Each structure stands twice: as structure tokens, then as C-alpha cells.
2 protein chains.
Amino acid sequence: MDAYGKTSRTTLKRAHERGCYDRATVHAILDAALICHVAFLHDGAPALIPTAHWRDGDVLYIHGSSASRAIRALETGAPACIAVSLTDGLVLARSGFHHSIDYRSVVIYGAARKITDEAEKLAQLKIFMEKIAPGRWQELRAPNEKEMKATAVLAFDLDEVSAKVRDKGVADDPEDMDARVWAGVVPVRRSFGSPEQDPQLAGDIPLPEYLKDYKGPG
Amino acid sequence: MDAYGKTSRTTLKRAHERGCYDRATVHAILDAALICHVAFLHDGAPALIPTAHWRDGDVLYIHGSSASRAIRALETGAPACIAVSLTDGLVLARSGFHHSIDYRSVVIYGAARKITDEAEKLAQLKIFMEKIAPGRWQELRAPNEKEMKATAVLAFDLDEVSAKVRDKGVADDPEDMDARVWAGVVPVRRSFGSPEQDPQLAGDIPLPEYLKDYKGPG
């Protein structure tokens, strides 16, 4: 199946052309982003945390301290909502009204499953590391028991999920086309600077291949 | 007053050193970010939208279509939570466990006030434009009545608010310091590409000064 099913929550009520249920599009957005935002309920009110995420097949994963308030609220399987957003361009139109942002986003409704199997947890933490720094996992010592215990991994099935993509640039009303004002798009990019080594790093440890000309995930 | 008061929801339970209630820090993070994520309740479950925001004094503003589901849920004054997150660096430590992200984030708990006064709404939309493209507002025609009606502006008082900042780079356990693995930080940056003019732009309209060497807000 190459598309996710729609539900009432994931069906766009306006700007329908931005809605996208295509599996490959959803996966590409999730894979390119470094962080997501996770909404959950705390004492009946919405709460929100930014956190790193990764994807394996049709499952999105986050991790955190087993003691954290967000993890403890989420691991009960309470309803959650996760958003991933990538900003691609500032759209400067000929009217204030049509100013916009070109973006790609994904919203997931669901509930967490806590990964309790240690081998599965370890396998997922490796996939997470591979997303950020492919090849690094094997260079590191294995996590110890205390670290594994302190780390919770939560899984969210990609089931009730949709993407929104705006990439059309300037879209003005016909009557504004003669306005004497510059119109266009300012591209917004995520970039990475040269890796800065830890001041305490031994002088003979070279920069690993996976950090040379680093482009990030996605 | 140069700091926000703490509440039980904004008091960090762990990693206390990351908590920050300093007004200037909170404002700087809000001003530098292009978008926020807003959590609200929809049929009793958390829902989430990414949207642009701006700040005026101790108030955060968002805008949207008056018809949007999120705006309609929020304008009732129902509890909301807003997060703004800036990713500054990928922290590659000597153990998997201490890998982290250097970041700056703000979380706001509160409820929206809908701005109904037209002059106030217009003044805020101008402040929004000035955040993105200082000087552009005066180049554009004024919004018309239909556009103003279609645009809702919501205000969130900065009251129950906190920032979190991690900027310490690599922080390994003493027993890992001799590990033969590269450790350091890969800086993550937001950058802007050269403005791309609308293909339909008249040939004699030059790039405005505010877009030359554009650095974005903040």
C-alpha cells in the first residue's frame, strides 16, 4: 500500500491541495527532520515537548529519560499528537494577505507503545544513531544496563497520519499583479557547520568519514 | 521584572541547569524562530499545528484563517501549549548514552485571546511583517476588509513560560574519556538562500534592501 488512509482528523478541511497521504512523502519528511514536537495531556491540559525522533518502516520512535514527565504521560498509551515541520521558504507576495511559508509537515495521531524488549530497544537506538551518523554505532561501546534502564523508547505506529506540503511560491490575486513591489521566495535551509571537536579529544583521533562534508539525515 | 515566575508546570524536574526564566532569553528565542508548534484539544485529544508567530512585549501572537479548525478551537480560550525550538548542534559523545542536541526552546502554557479590535489587529500584522521583512509593510497595499475578516489573530500572554537551553557540548562520563572515538559538536544552522524572484515579476523591480544579505529574524 503506498498511501495512508484518511480519517476525519487527517482530512484537510481547507487548502486541500496541500494534503498528502503518500507514504513515500510522509517518510521522506520524517527522515529529513531532526526533531519533532509531541503533544500530550498533563492534568487535562495540552503539554508539548520537542524531541529527536527516528523512523523504522511504518513506526516513528522517540526516546527520553524513563523519569521524564512526558515519557511517563506518554507510555501509558494516552492519546498523543506528533508534528514534524520543515521550513523551506519565506513567500513574499504582492499583498500582505498572501504572504506565506513554503513548508513540509507531517502530523501523526496515535498512542505510544513502550518498547520493553531489550534487544528491540537496542536495535532501535542503533537505527537512531545511524540516522544521525551512519557508521558511528559500531565505534562506540555498547550501552550498559544502567543506561538502558534510564532510557525509554516509545513507538508510534504510522496509521492516522498525513503530510502537508506547500511549495508553490508566490500565489497572488490577479488584481495585485501590477503592484510595484518585489515578490518572490527566500529559501530557508538547514545547514551544518564544520564539526567542532571536543577540547579534550586526543590529538590523534581523526574526524570520521561520516562527518566529512556532513549533510545530515534525509 | 527581568524573569518570569515559576509554576509547577514550568519548573524543570530534571536537568535543572537547563531551565531558564530570564525574560531576555525567552524573548530572544521567540524572536529568532520562524515557527512555533501549538497544542490544543480536539474532541478531548491533543492536536498540534505548526504556524508562524511573532512577539510584541510580553505577548506571543499567531494568525490563521478564521475558518481553521485550530483557530476555532483556540479562540474559545481553551487551554493551549506553545513550543518554539531552535536546534543548534548535534552532540556526538564518547558513549551513545550521552549523545544529545544543543538547543534553545521555549514552552508557553496559556489560553488565546482573540484580537477583535481592527486597529490592534492591523498593528500586530504589521509587527509580524516587520519581523520577517523590516520595511516591507509600507510597500504593500493595505489589507482589505475581506482579508481582515478572513484573518484571525490570537494573542497568548507570556506568563506561564520557561526556556530550556543546552549549550554545553560534549559531556561524557569520566570512565569514557579514554575511548578512541571522535567526540564533538556538529553545528546546526538555519540559513537563507538567495531570494528567488517570482517569474512574473516586472523586470524593473529591484531586490529590496531588506532582502540583501538576508539573515532572518532574531
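Quick note on labels: first sequence line is chain A, next is B, and so on, each numbered from 1. Bear in mind that the values here come from a model prediction, so they are computed numbers and not experimental data.
Using a 4.5 Å cut-off between heavy atoms, B:L207 touches chain A through backbone and side chain atoms alike. For A:D176, the part lying under 4.5 angstrom from a heavy atom of chain B is the side chain only. The contact between A:L201 and chain B is made by backbone and side chain atoms together, counting heavy-atom distances below 4.5 Å. With a 4.5 angstrom heavy-atom cutoff, A:A47 touches chain B via backbone and side-chain atoms both. If you measure heavy-atom distances from A:V107 to chain B, the contacts under 4.5 Å come from the side chain alone. Proximity to chain A (any heavy atom under 4.5 Å) is shown, for B:M148, by neither the backbone nor the side chain. In this structure, chain A has a heavy atom under 4.5 Å from the backbone of B:A179, while its side chain stays farther away. With a threshold of 4.5 angstrom between heavy atoms, B:S68 approaches chain A through its backbone and through its side chain. Residue B:P199: no heavy atom, backbone or side chain, is found under 4.5 Å from chain A.
Side chains of A:R189 and B:F192 form no contact here, defined as non-hydrogen atoms less than 4.5 Å apart. A heavy-atom distance below 4.5 Å is found between the side chains of A:Y214 and B:L90. Residues A:W182 and B:P208 are in side-chain contact: their nearest non-hydrogen atoms beyond the backbone lie under 4.5 Å apart. Proximity of B:R180 to A:E139: side-chain heavy atoms (C-beta onward) are nowhere separated by under 4.5 Å. Between A:H42 and B:R9, some side-chain heavy-atom pair lies under the 4.5 Å cut-off. The shortest side-chain heavy-atom distance between B:Q197 and A:L92 does not fall under the 4.5 Å cut-off. With contacts defined as side-chain heavy-atom distances shorter than 4.5 Å, the pair A:L48/B:I82 does not qualify. In this structure, the side chains of B:S191 and A:S191 come closer than 4.5 Å at one or more pairs of heavy atoms.
Around atom CD of B:E175, more than 12 heavy atoms belonging to other residues, nucleotides or ligands sit under 6.0 Å away. Counting non-hydrogen atoms of neighbouring residues, nucleotides and ligands closer than 6.0 angstrom, the CD atom of B:E17 exceeds 12 such neighbours. A 6.0 Å sphere centred on NZ of B:K126 holds no more than 12 heavy atoms belonging to other residues, nucleotides or ligands.
Looking only at heavy-atom pairs under 4.5 Å with chain A, the residue among B:A78, B:G216, B:S65 that has the most is B:S65. Ranked by heavy-atom pairs shorter than 4.5 Å toward chain B, the options A:I35, A:I101, A:T151 are led by A:I35. With chain B as the partner, the residue from A:P195, A:G169, A:G89, A:A45 showing the most heavy-atom pairs under 4.5 Å is A:P195. Top candidate by heavy-atom pairs under 4.5 Å with chain A, chosen from B:P50, B:A202, B:S85, is B:S85. Per-residue heavy-atom pair counts under 4.5 Å with chain A were compared for B:V91, B:D204, B:D172, and the maximum is reached by B:D204. Contacts with chain A were tallied for B:G44, B:C81, B:A133; B:C81 has the most, counting heavy-atom pairs under 4.5 Å. Of the listed residues B:G184, B:G193, B:A39, the one with more heavy-atom pairs under 4.5 angstrom with chain A than any other is B:G193.
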Query raised in the report: B:V188 and A:L34: side-chain contact (heavy atoms from CB on, under 4.5 Å), yes or no, with the steps?
Result: CA-CA 10 Å; B:V188 183; A:L34 293 168; 4.2 Å; yes
Report task. In sequence, state the C-alpha distance, the side-chain angles, and the governing distance for B:S95 and A:L140, and then conclude on side-chain contact (heavy atoms from CB on, under 4.5 Å). Result -> CA-CA 6 Å; B:S95 68; A:L140 301 169; 5.9 Å; no
Query - Worked check of side-chain contact (heavy atoms from CB on, under 4.5 Å) between A:R190 and B:R190 - result: CA-CA 5 Å; A:R190 177 190 68 193; B:R190 177 189 69 194; over 6 Å; no
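Smallest separation of non-hydrogen atoms from A:L41 and B:L41: CD2-CD2, 3.1 Å. Minimum heavy-atom separation, B:R136 to A:A93: NH2-O, 2.6 Å. Across A:A80 and B:P46, no two heavy atoms sit closer than the pair CA-CG, 4.0 Å. Taking every heavy atom of both residues into account, B:V186 and A:L211 meet most closely at CG2-CD2, 3.9 Å. Across every non-hydrogen atom of A:H37 and B:A83, the tightest pair is CD2-CB, 3.7 Å.
Under 4.0 Å is where a charged nitrogen must lie from a carboxylate oxygen, and between B:R94 and A:D198 at least one such pair does. Taking 4.0 Å as the cut-off between side-chain N and carboxylate O, B:K146 and A:D173 do not count as a salt-bridged pair.
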